[in-house]
Number of protein chains: 2
Amino acid sequence: MSNIKDVAEKADVSTATVSRVLNNPHTVKNETKKRVQKAIQEIDYQPNMLGRNLRRSSTRMVMILLENVSNPFYSRVIRGIEQIALENDYYIVICNNNSDPAQENTYLNLLRSKVLDGVIMMKPELSKKKLQELGSRFAVVQCCEYIDDLDIPFVSINNKKAAYSAVKHLLDQGHQNIGFISGGQNVPSAQQRKKGYKYALQESGITIKQKYIKNGTYGYKGGMEKTRELLSLKEKPTAIFAISDITAIGAIKTIREYNLKIPDEIAVVGFDNTSISRMYNPELTTIAQPRKEMGQKAMQLLIDIIQHNEIKNKNIFLDHKLIIRESSKN
Amino acid sequence: MSNIKDVAEKADVSTATVSRVLNNPHTVKNETKKRVQKAIQEIDYQPNMLGRNLRRSSTRMVMILLENVSNPFYSRVIRGIEQIALENDYYIVICNNNSDPAQENTYLNLLRSKVLDGVIMMKPELSKKKLQELGSRFAVVQCCEYIDDLDIPFVSINNKKAAYSAVKHLLDQGHQNIGFISGGQNVPSAQQRKKGYKYALQESGITIKQKYIKNGTYGYKGGMEKTRELLSLKEKPTAIFAISDITAIGAIKTIREYNLKIPDEIAVVGFDNTSISRMYNPELTTIAQPRKEMGQKAMQLLIDIIQHNEIKNKNIFLDHKLIIRESSKN
DNA sequence: AGAACCGATGTAATGGTTTTCAATTAAATA
DNA sequence: TATTTAATTGAAAACCATTACATCGGTTCT
């Protein structure tokens, strides 16, 4: 494989000039430029990034670190990140931590060893303390999931408000007994949403019943199991608010096993507005997050950090939207 | 940030020795090794991969190039790839081509510029000729989607046989008029599956009707539209075989609009056994591909190519499985 | 004792590019 | 024409780690 020296010799210039043609074309005389470009063509020269990266001490690669790409929630966020990245000549690489701190750490070593210029963390497994330290040494942005007292920029929605509006919608439909199937206990967004759930009930003067609150997982199976628990209560809820669309679908599955009509006998609301919510039968009421825009903002934030641009706003909240569909409309 | 020289000075050895401690620990005296390791600890030294990569002319990073991570089909394939990669100290990076040849090319430049050691291509946008050339210069493996007269190793299922077994199942259920909603015209697997569809019908002595064959997309909307076309025929099909689960779900959606009962009045079979097929209502009959295993084999193949190991089998076919569920069981 | 060998370490070259600084040339000004 | 100034270019250092080769002290063998 040819290198910059070969080009230099072929074009009868120094390597410095070749480099300039590549990176600062306007600083070299037109005639020389032509000659160099011709040489590049002729020997099919492709700059070796490993040399360049070492010299520049930067790779223009940034990582999206998430739980698992299989989670449909991420796809549009990734799109947004990708778009801004490509517009700014950054490469993005996506890595799964699979909820495993060790695996996450393996990937974060890419940051420490200079392979990556920055990282967007979607669902950190690190301890708060380690995250803080990471953020102080490297370019880090939190996206969707975040810890706010950490001095690491983030972009997200207001989860409490979003959950509030979901539950408010159910209350408006006349429901009084509303179950809540939450996510992991230590997931910030789940905690925030629980607050929103409680707040909506309190506001309507309804006492919060612990038996209606189920801490489960984001998954399909979790949704099924927790719903089974809810439906075996003697005072069954007439509505269920689930932490994610998939969880909601698990709920619906179980509800059908119990031969209850949706939404007449029991209403269901999900979260995320993933594509399945529109395709499902019945179509699912849900909360839409501006996923693509979150990705865009996060990537822009990351670029600003990497390039030491002035950052006007380190904490960005975007608006959610309640999308009412069959599963809750009476 | 500290470098190898700092460690060397601290431990009062040469950089060569530090490097040896890092890479060939057994070649250095125990006592010295201890001293070096202590120094590494103390100044929190992390080898700079950019230097190492340049010197080694390798990064141990490989790319998974696919259409878009949002496609749920890929998730388990990625898992398989990831597992083998981590076991062998390779990093994987996932990149979307978003069906855009230009974007794909951008990412493939990472190969040409040495940033990546190899690539697993899941759904190439390149021309056959360019793919061939890529394969001759770099470590490339095709996974799931493949072109076989190309001398580039691949792992896949036998799509013709798989489609055959799906259609055979419908025939066994007594269906005679079976619609086929296919994927893109130029997608190899779609062509192969069409062959399987036709073969099954011919074998049963049923004449193939072009009106029953719809070339659409893999998407939900495509499934809806094409099904509308099929259901507006005066001789409606009593069964639909769709190229993917999502397409099948689009079909079901439309079928419900027409108030037809599934599977009594019309049966539906999908493809891929993505998680939604089990969650959907009705549960979807589909063809399961050994996705994780495909990923594992593909990654192993890629490693073998990168490391110039002997490769016993460059073309690997794995077994599919028909999974019968509500949408077609009578 | 001298030769051959082994283990442990250091020296210095190497990989490919970018960039500072100096040098050269050309153009502009006095 | 002599002097500045600006535009081009080249030489060489720098980025960091790996590794071929040389060195040195100590064994083992004959």
Side-chain angles (χ1 to χ4, degrees), chain A residues 1-40 43-61 89 91 109-117 307, chain B residues 1-40 43-61 89 109-117:
Chain A
M1 208 132 149
S2 54
N3 61 21
I4 201 172
K5 219 168 151 188
D6 300 329
V7 178
E9 278 167 22
K10 181 119 194 160
D12 197 30
V13 294
S14 73
T15 61
T17 300
V18 178
S19 176
R20 278 189 277 259
V21 171
L22 256 27
N23 303 298
N24 296 86
H26 59 279
T27 66
V28 23
K29 211 205 304 184
N30 225 300
E31 186 195 346
T32 330
K33 185 160 40 183
K34 288 259 170 62
R35 219 165 63 237
V36 171
Q37 282 164 340
K38 186 154 161 270
I40 289 176
I43 62 180
D44 190 28
Y45 167 69
Q46 188 94 18
N48 180 320
M49 289 291 184
L50 305 185
R52 173 179 293 180
N53 290 346
L54 173 60
R55 175 59 223 223
R56 289 197 179 151
S57 196
S58 141
T59 61
R60 291 193 94 80
M61 294 182 93
D89 285 316
Y91 290 94
N109 275 333
L110 290 175
L111 215 56
R112 304 192 182 99
S113 58
K114 300 287 215 163
V115 173
L116 298 173
D117 287 359
Q307 304 181 345
Chain B
M1 209 132 148
S2 54
N3 61 23
I4 201 171
K5 217 169 152 189
D6 300 330
V7 178
E9 278 167 21
K10 182 118 193 160
D12 197 30
V13 293
S14 74
T15 62
T17 300
V18 178
S19 177
R20 278 188 277 258
V21 170
L22 254 28
N23 302 298
N24 296 86
H26 59 279
T27 67
V28 23
K29 213 208 299 186
N30 225 299
E31 186 195 344
T32 328
K33 183 158 42 183
K34 289 260 170 62
R35 220 166 60 236
V36 172
Q37 282 164 341
K38 185 154 162 270
I40 289 176
I43 61 180
D44 190 27
Y45 167 68
Q46 188 95 17
N48 180 320
M49 289 290 185
L50 306 185
R52 174 181 289 180
N53 289 346
L54 172 61
R55 179 59 224 231
R56 290 201 180 144
S57 196
S58 141
T59 62
R60 290 193 95 81
M61 294 182 94
D89 284 317
N109 275 332
L110 290 176
L111 215 56
R112 305 191 182 97
S113 60
K114 300 287 218 161
V115 173
L116 298 173
D117 288 358

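In what follows, chains carry the letters A, B, and so on, assigned in the order in which the sequence lines appear, proteins first and then strands, with residues in each chain numbered from 1. The structure presented is a predicted model; accordingly, all values stated were derived computationally and were not measured.
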Next item on the list: Return the set of residues passing salt bridge (charged side-chain N to carboxylate O under 4.0 Å, His left out) with A:Lys10 (not counting sequence neighbours), or none when no residue passes.
Entry: A:Glu42
Next item on the list: Write down the distance between CG (A:Asn48) and P (C:dT17), rounded to a whole number of angstrom.
Entry: 5 Å
Check: Taking side chain as C-beta onward, heavy atoms only, is A:Asn53 less than 4.5 Å from B:Asn53?
Finding: no
Next item on the list: Might you work through the side-chain contact (heavy atoms from CB on, under 4.5 Å) test for A:Asn23 and A:Arg52, ending with a clear yes or no?
Entry: CA-CA 11 Å; A:Asn23 303 298; A:Arg52 173 179 293 180; 3.8 Å; yes
Notebook entry, point to check: A:Gln46 versus B:Asn109: any side-chain heavy-atom pair under 4.5 Å?
Noted result: yes
Margin query: My understanding is that only residues two or more places apart in sequence, or in another chain, count here; which of them pass side chain to side chain contact (heavy atoms under 4.5 Å, CB included) with B:Asp89?
Written below: B:Arg60
Notebook entry, point to check: Can you name the residues that form a side chain to side chain donor-acceptor pair (under 3.5 Å) with A:Glu31, not counting sequence neighbours?
Noted result: none
Next item on the list: With a 4.0 Å heavy-atom cut-off, tell me which residues in residues 17-29 of chain B come close to DNA chain D, sorted by residue number.
Entry: B:Ser19, B:Asn23
Margin query: Using whole Å, what does the distance between atom C1' of nucleotide C:dG15 and atom CG of A:Leu50 come to?
Written below: 9 Å
Notebook entry, point to check: Expressed in angstrom and rounded to an integer, what is the separation of B:Asn30 atom CG from C:dA8 atom P?
Noted result: 9 Å
Next item on the list: Go through the structure and list residues passing side chain to side chain contact (heavy atoms under 4.5 Å, CB included) with B:Glu9, not counting sequence neighbours.
Entry: B:Lys5
Next item on the list: Look up atom CE in A:Met1 and atom CD1 in A:Ile43, then write down how far apart they are to the nearest 0.5 Å.
Entry: 11.0 Å
Checklist line | Partners passing side chain to side chain donor-acceptor pair (under 3.5 Å) against B:Ser57 (at least two apart in sequence or in another chain) | finding: B:Lys114
Notebook entry, point to check: In residues 6-14 of chain B, which ones come under 4.0 Å of DNA chain D, going by heavy atoms?
Noted result: none
Check: How large an angle, rounded to 10°, do the end axes of the helix from C:dA1-D:dT30 to C:dA30-D:dT1 enclose when each is built from five base pairs?
Finding: 40°
Next item on the list: Give a yes/no on whether any side-chain N or O of B:Thr32 is located under 4.0 angstrom from OP1 or OP2 of C:dT9.
Entry: yes
Notebook entry, point to check: What integer distance in Å separates B:Arg55:CZ from C:dG16:P?
Noted result: 10 Å
Check: So what does A:Leu54 hit on the nucleic acid, given a heavy-atom distance under 4.0 Å: a base, only sugar-phosphate, or nothing?
Finding: base
Margin query: Tell me every residue that passes side chain to side chain donor-acceptor pair (under 3.5 Å) with B:Ser58, counting only those two or more places apart in sequence or in another chain.
Written below: B:Asp117
Checklist line | Evaluation steps, side-chain contact (heavy atoms from CB on, under 4.5 Å), between B:Ile40 and B:Leu22 | finding: CA-CA 10 Å; B:Ile40 289 176; B:Leu22 254 28; 3.6 Å; yes
Checklist line | side chain to side chain donor-acceptor pair (under 3.5 Å) involving A:Asp6 - partner list, sequence neighbours excluded | finding: none
Item checked: Results of side chain to side chain contact (heavy atoms under 4.5 Å, CB included) for B:Leu54 - residues two or more places apart only -> A:Leu50, A:Leu54
Notebook entry, point to check: Taking atom C1' of C:dG10 as reference, at what distance in whole Å does atom CD1 of B:Ile4 sit?
Noted result: 13 Å
Margin query: Could you tell me the boundaries of the chain A footprint on DNA chain D, defined by atoms under 4.0 Å from its heavy atoms?
Written below: D:dT8 to D:dC16
Check: Rounded to the nearest Å, what distance is computed from the CG atom of residue A:Asn53 to the P atom of nucleotide C:dG15?
Finding: 18 Å
Check: Between the base of C:dT17 and the side chain of A:Arg52, is there a donor-acceptor distance below 3.5 Å?
Finding: no
